[in-house]
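Written below as structure tokens is the structure these notes are about.
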Amino acid sequence: MGEPERAAERLEQLGRASRAGAALRASLFAQAGQAWMMAGDGSRAFGATTMGLALAPDDTELLLDRAVALGTLSRFAEALEDADRVLALNPDRAEAWVFRAAANRHLDKVGQAAEDVARALALAPENAEAMLERGIIRQMQGDTAGAKQDWERVARLAPGSATADLALQNLALNEAVPTPRRPQRR
């Protein structure tokens with residue numbers, strides 16, 4: 001109904017008040033965290049996912065959601081810790097490798113970010129977010145042609161998505177300013 005704040009607050013109330021088991025309560029907090037992200041409140045999303053993780057500390061979905069919330073708060077070192085926990089539990093989670101690459105890139109560890117995104121693409125060659133991230137990393141490394149190739153592929157893989165929109169913005173910036181510069185980030 002377009003009211004993510006109201007939904008998030010209600011989900012948090014249910015999670016706190018429920019007498020259900022830990023898994024169900026953690027799920028409510030996970031949903032609250034996602035609603036807070038939809039509302040654009042990374043801080044509240046972090047709080048909700050942290051409450052969920054207190055109930056289900058090895059829940060990889062909650063860990064990834066909290067990593068994303070931390071990323072929106074520019075707390076990349078902590079986000080990297082959560083991504084690392086996900087990968088320790090499930091090393092084949094391509095989206096965790098993508099997020100790890102983004103966190104490393106934001107921490108100016110571009111070489112490590114390139115390795116992470118390569119791992120993600122080895123696991124999921126058609127992953128649009130991984131392709132977007134690799135394009136950003138390539139641009140940062142001065143490989144404008146490779147970045148352009150990745151972003152064009154993202155636009156074909158996920159037309160109409162937010163990921164494709166970012167890729168198209170980066171392509172437009174690349175055309176306007178062809179010298180290496182920092183691309184649009186998520």
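Positions are given from 1, in the same order as the sequence printed here.
- Heavy atoms only, all atoms of each residue included: R25 and R16 are closest at NH2-O, 4.2 Å.
- We find that R66 and E81 are not joined by a salt bridge, their nearest charged nitrogen and carboxylate oxygen being 4.0 Å or further apart.
- We find the CG-CD distance between L62 and Q34 to be 8.5 Å, quoted to the nearest 0.5 Å.
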Expected list for residues 155-167: side-chain donor-acceptor pairs under 3.5 angstrom, two or more places apart:
residue: S161; atom: OG; partner: A158; partner atom: O; Å: 2.7
residue: S161; atom: OG; partner: T163; partner atom: N; Å: 3.4
residue: S161; atom: OG; partner: A164; partner atom: N; Å: 3.0

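- Note on L64: it does not cluster hydrophobically with V68, by side-chain heavy-atom contacts below 4.5 Å among ILVMFWY residues.
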**Request:** Check the pair L63 / L89 against side chain to side chain contact (heavy atoms under 4.5 Å, CB included), numbers first and verdict last.
**Result:** CA-CA 11 Å; L63 283 164; L89 294 165; 4.1 Å; yes
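- In plain terms, the two heavy atoms of A83 and F99 that are nearest each other are CB-CD2, 4.4 Å.
- Linking ILVMFWY residues whenever their side-chain heavy atoms come closer than 4.5 Å, directly or via other members, places F76 and L80 in the same cluster.
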**Prompt:** Which is it for D82 and E78 under the side chain to side chain contact (heavy atoms under 4.5 Å, CB included) test, yes or no, and what are the steps along the way?
**Reply:** CA-CA 7 Å; D82 279 353; E78 292 168 87; over 6 Å; no
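- With rounding to the nearest 0.5 angstrom, the OG atom of S43 is 7.5 Å from the CZ atom of R75.
- The CD atom of E5 sits 9.5 Å away from the CE atom of M38 when rounded to the nearest 0.5 Å.
- How far OG1 of T49 is from CE of M37: 9.0 Å, rounded to the nearest 0.5 Å.
- The minimum heavy-atom distance linking P4 with A35 is given by the pair CB-O, 3.5 Å.
- Atoms CD1 and CG, from I137 and D143 in turn, are 11.5 Å apart once rounded to the nearest 0.5 Å.
- You'll find the side chain of R85 reaches within 4.5 Å of the side chain of D58, heavy atoms only.
- Applying side-chain hydrogen bond (donor to acceptor under 3.5 Å, both in side chains) to D116 and the options R105, R100, K109, R134 leaves one that passes, R100.
- Pairing each heavy atom of V98 with each of A130, the nearest pair is CG2-CB, 3.5 Å.
- Residue L87 comes nearest to A96 through the heavy atom pair CD2-CB, 3.6 Å, listed as atom of the first residue, atom of the second, then distance.
- Within the 4.5 Å cutoff, side-chain heavy atoms of T60 are placed close to those of R93.
- Transitive grouping of hydrophobic side chains (ILVMFWY, heavy atoms separated by less than 4.5 Å) brings V117 and W151 into a common cluster.
- Shown here for A67 and A79, the closest heavy-atom pair between the two residues is O-CB, 3.5 Å.
- L70 CG to T72 OG1: the interatomic distance, rounded to the nearest 0.5 Å, is 7.5 Å.
- Two residues are said to be in side-chain contact when any heavy atoms from C-beta on lie closer than 4.5 Å; Q31 and R10 fail this criterion.
- L171 and L132 fall within a single hydrophobic cluster, where Ile, Leu, Val, Met, Phe, Trp and Tyr are joined by side-chain heavy atoms under 4.5 Å apart, directly or via other members.
- Every residue two or more places apart in sequence or in another chain that forms a salt bridge (Lys or Arg N to Asp or Glu O under 4.0 Å) with R6 is listed here: E3.
- Criterion: ILVMFWY side-chain heavy atoms under 4.5 Å apart, direct or through other members. Under it, L121 and M140 are part of a common hydrophobic cluster.
- Counted by atom type alone, W36 and E12 present one or more donor-acceptor pairs between their side chains at under 3.5 Å.
- Taking a cutoff of 4.0 Å between a charged side-chain nitrogen and a carboxylate oxygen, K148 and E175 qualify as a salt bridge.
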